[in-house]
Amino acid sequence: MELYQMTIHELHEKLAAKEISAKELTESVFSRIDDVEDKVKSYLTVTRENAFEQAHKIDEKIVAGEAVGPLAGIPTAIKDVMCTQGTRTTCGSKILDNFIPAYTSTAVQGLLDEGIVMTGKTNMDEFAMGSSTENSGFFTTRNPWDLERVPGGSSGGSAAAVAADEAIFSLGSDTGGSIRQPAALCGIVGLKPTYGLVSRYGLVAFASSLDQIGPFTKDVTDCAIVLNHLVGHDPMDSTSVMIDTPDYTKSLVNDLKGVKIGVPAELMAEGIDPKVKKVIEDALELMAKNGATVAETSLPNIEYALSAYYIIAPAEASSNLARFDGVRYGYRAPDAEDLMDMYLRTRAEGFGDEVKRRIMLGTYALSAGYYEAYYGQAQKVRTLITRDFNKAFEDFDVLVSPTSPTTAFKIGERVDNPLQMYLSDICTIPVNLAGLPGMSLPCGTVDGLPVGLQIMGKTLGEEMLLRVAYSFEQSFGWNEHPPL
Amino acid sequence: MAISEKEVKHVAWLARLGLTDAEVEKFTRQLDVILEHAGKISSLDLAQIPPTSHAIPLKNVLREDRVGTCLTPEDALSNAPKTEDQAFAVPRIV
């Protein structure tokens with residue numbers, strides 16, 4: 001087995017025992033990048049030189065006999081929506097092609113302080129708007145399981161990088177499914193934590209009331225390890241929650257006895273590929289066999305979730321993206337006649353079509369005369385959906401569904417039909433609207449493509465999510481790899 | 001039609017997006033389909049339901065009124081397309 005194929009917890013043991021050095025591990029991952037990146041195209045920027053400097057520092061510590069944490073020396077990819085001081089941060093947009101942040105986001109800084117080796121910044125749909133990376137202003141990332149198919153999105157580069165062993169783990173962001181859906185389509189583990197659990201400082205904002213940072217990992221144990229180092233209150237993000245965070249690795253208990261699992265009927269209904277549904281049913285059967293009680297439940301207002309999301313998220317985006325005006329950073333259209341001409345042309349030339357669509361949708365939904373009918377109603381639907389979840393969680397510890405209604409779709413298949421693309425997020429969006437934690441983990445394949453099992457939890461219910469996920473993983477024994 | 005070309009032009013202007021005529025036609029068609037779908041919620045009777053703007057209860061967060069670390073003028077201007085005397089330079093306004 002090559003080093004690049006291993007998990008964080010396996011590699012940490014080897015590093016701590018001085019069986020391998022951080023330099024050797026970094027070399028292994030970059031040799032893998034050299035071999036497969038041309039095919040997969042996960043990265044927008046590769047930071048090779050910095051990576052070896054960081055690895056060297058860790059090796060010096062280990063040689064000096066200093067104790068190092070579980071993430072020290074681990075090659076890590078970062079979605080290009082998180083600011084990294086001195087390293088280009090594009091958000092997948094031409095408008096930020098040349099943007100070099102003057103500071104580092106809190107989430108990334110926390111991992112750097114733990115000694116990660118950053119391999120680079122990963123590709124994404126422009127400003128995290130999309131479900132396939134086809135909206136990237138630069139290129140489309142390919143699914144390592146089938147290079148003709150999308151890796152999912154918007155964090156498709158981060159998911160593909162881990163699935164293709166071009167990083168040991170990575171960070172993504174999830175506004176309507178952008179961690180869970182690509183994790184599902186690429187056959188890895190992805191977690192969107194409870195809103196507020198991870199600081200958003202330095203995460204370029206898409207929809208501020210929905211955005212949340214989380215990890216992509218190869219297994220559930222790694223997910224808990226990374227989560228331990230992402231969470232915590234940050235004075236720079238006043239929406240980050242003030243709680244005593246637990247040691248999430250303590251939740252890695254293989255025991256489903258007495259765990260009550262609810263299956264929302266609406267997420268197993270029409271629109272879900274029957275073959276995907278069958279894989280989920282098999283997974284539920286396995287969990288029931290291991291002591292969980294599984295029963296159907298209902299989230300009756302979920303049929304309105306997609307509508308509410310595609311009003312709320314664009315409304316917030318239209319406001320957040322007003323900052324890209326060619327004045328303080330990013331692209332500016334040349335030879336403008338006056339200030340207004342400069343704004344109009346900078347934004348016309350700098351943004352791609354999907355970003356323009358969402359800015360216009362949001363502007364429309366917030367404009368005089370339409371505000372109540374669209375934005376006002378959407379916020380009320382958000383209340384209904386939160387109430388539906390609260391009611392379901394009176395009877396159940398977690399809810400389970402498919403992460404995505406289908407497996408990875410073909411590149412180009414949905415680009416001309418924005419609404420069909422939006423429907424890719426139908427299972428993941430409700431969790432963001434209610435601010436709950438959600439997780440996707442591999443639970444089988446259909447025609448050689450991975451299927452993701454979504455586990456949804458109560459507010460700050462990450463420990464129960466991890467316990468259920470870990471128990472499933474141990475009994476299911478997923479050991480498939482993309483044929484790269 | 002949920003949205004007309006005239007409305008799309010107006011919204012694009014409000015959002016400072018310059019669009020060609022062909023784009024206006026294309027976006028009107030696409031936005032119409034999306035708004036048709038999203039508009040499903042416009043007709044729901046939700047008069048008794050309070051709105052949710054944030055999933056977690058939020059109140060004002062205060063901090064001590066003390067100077068902290070912040071960007072230097074050089075850092076703050078380092079990504080600007082054009083600067084002049086420690087300021088962002090823009091084309092003429094009037």
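Naming convention: chains lettered A, B, ... in sequence-line order (proteins, then strands); numbering from 1 in each chain.
Both the backbone and the side chain of A:Met360 come within contact range of chain B, each with at least one heavy atom under 4.5 Å from a heavy atom of that chain. Using a 4.5 Å cut-off between heavy atoms, A:Ser318 does not touch chain B at all. With a 4.5 angstrom heavy-atom cutoff, B:Glu36 does not touch chain A via any of its atoms. With a 4.5 angstrom heavy-atom cutoff, A:Ala322 does not touch chain B via any of its atoms. The part of A:Glu337 that comes within reach of chain B is its backbone (N, CA, C, O), which places non-hydrogen atoms under 4.5 angstrom from that chain. Interface remark: A:Ile312 contributes no atoms to any contact with chain B (heavy atom separation under 4.5 Å). Both the backbone and the side chain of A:Arg328 come within contact range of chain B, each with at least one heavy atom under 4.5 Å from a heavy atom of that chain. Contacts of A:Tyr309 with chain B are absent, with no heavy-atom separation under 4.5 Å from either backbone or side chain. If you measure heavy-atom distances from A:Ile100 to chain B, the contacts under 4.5 Å come from both the backbone and the side chain. Contacts between A:Ala365 and chain B at a heavy-atom distance below 4.5 Å are absent for every atom of the residue.
Looking at heavy atoms from C-beta onward, A:Ser307 lies in side-chain contact with B:His37 at the 4.5 angstrom threshold. Contact of the B:Arg16 side chain with the A:Phe324 side chain is not registered, since no non-hydrogen atoms from C-beta on lie closer than 4.5 Å. Side-chain atoms of A:Arg387 and B:Ile49, non-hydrogen and from C-beta on, do get closer than 4.5 Å to each other. You'll find the side chain of B:Ile34 reaches within 4.5 Å of the side chain of A:Pro418, heavy atoms only. Contact annotation: the side chain of B:Gln30 never approaches that of A:Asp353 to less than 4.5 Å [non-hydrogen atoms, C-beta and beyond]. Contact annotation: the side chain of A:Tyr374 never approaches that of B:Ile41 to less than 4.5 Å [non-hydrogen atoms, C-beta and beyond].
Taking CG of B:Leu17 as the start and CZ of A:Arg345 as the end, the distance is 14.5 Å to the nearest 0.5 Å. Of the inter-residue distances, the one linking A:Tyr304 atom OH with B:Leu46 atom CG reads 8.5 Å to the nearest 0.5 angstrom. Between atom OG of residue A:Ser367 and atom NE2 of residue B:His10 there is a gap of 6.5 Å, rounded to the nearest 0.5 Å. If you take OH on A:Tyr103 and SG on B:Cys70, they are separated by 13.0 Å, rounding to the nearest 0.5 Å. Taken to the nearest 0.5 Å, the CG atom of A:Asp341 stands 9.5 Å off from the CZ atom of B:Arg92. Rounded to the nearest 0.5 angstrom, B:Glu23 CD and A:Lys356 NZ are separated by 4.5 Å.
A:Ala102 approaches B:Asp75 most closely through the heavy-atom pair CB-CB, 4.1 Å. B:Pro81 and A:Gly330 make their closest contact through CG-O, 3.5 Å (heavy atoms, listed as atom of the first residue, atom of the second, distance). The shortest heavy-atom contact between B:Gly18 and A:Ala348 is O-CB, 3.1 Å.
Counting heavy-atom pairs closer than 4.5 Å to chain A, the top residue among B:Val90, B:Thr20, B:Asn60 is B:Val90. In terms of non-hydrogen atom pairs under 4.5 Å with chain B, the most contact-rich of A:Gly435, A:Ser238, A:Gly350 is A:Ser238. Counting heavy-atom pairs closer than 4.5 Å to chain B, the top-ranked of the candidates A:Thr363, A:Ile359, A:Val327 is A:Val327. Looking only at heavy-atom pairs under 4.5 Å with chain A, the residue among B:Ile56, B:Leu19, B:Val33, B:Leu14 that has the most is B:Ile56. Between chain A and the residues B:Lys40, B:His54, B:Lys26, the most heavy-atom pairs under 4.5 angstrom are made by B:His54. In terms of heavy-atom pairs under 4.5 angstrom with chain A, the leader among B:Leu71, B:Ile3, B:Leu77 is B:Ile3.
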>> I'd like to know whether B:Leu44 forms a side chain to side chain contact (heavy atoms under 4.5 Å, CB included) with A:Lys380, so could you lay out the CA-CA distance, the side-chain angles of the two residues, the decisive distance to 0.1 Å, and finally the verdict.
In response: CA-CA 10 Å; B:Leu44 297 176; A:Lys380 290 176 176 180; over 6 Å; no

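Counting only distance, with no hydrogens or angles, the side chain of B:Thr52 and the backbone of A:Arg382 share no donor-acceptor pair below 3.5 Å.
Each of B:Val8, B:Leu31, B:Leu35 was compared with A:Tyr364 under the side chain to side chain contact (heavy atoms under 4.5 Å, CB included) criterion, and only B:Leu35 meets it.
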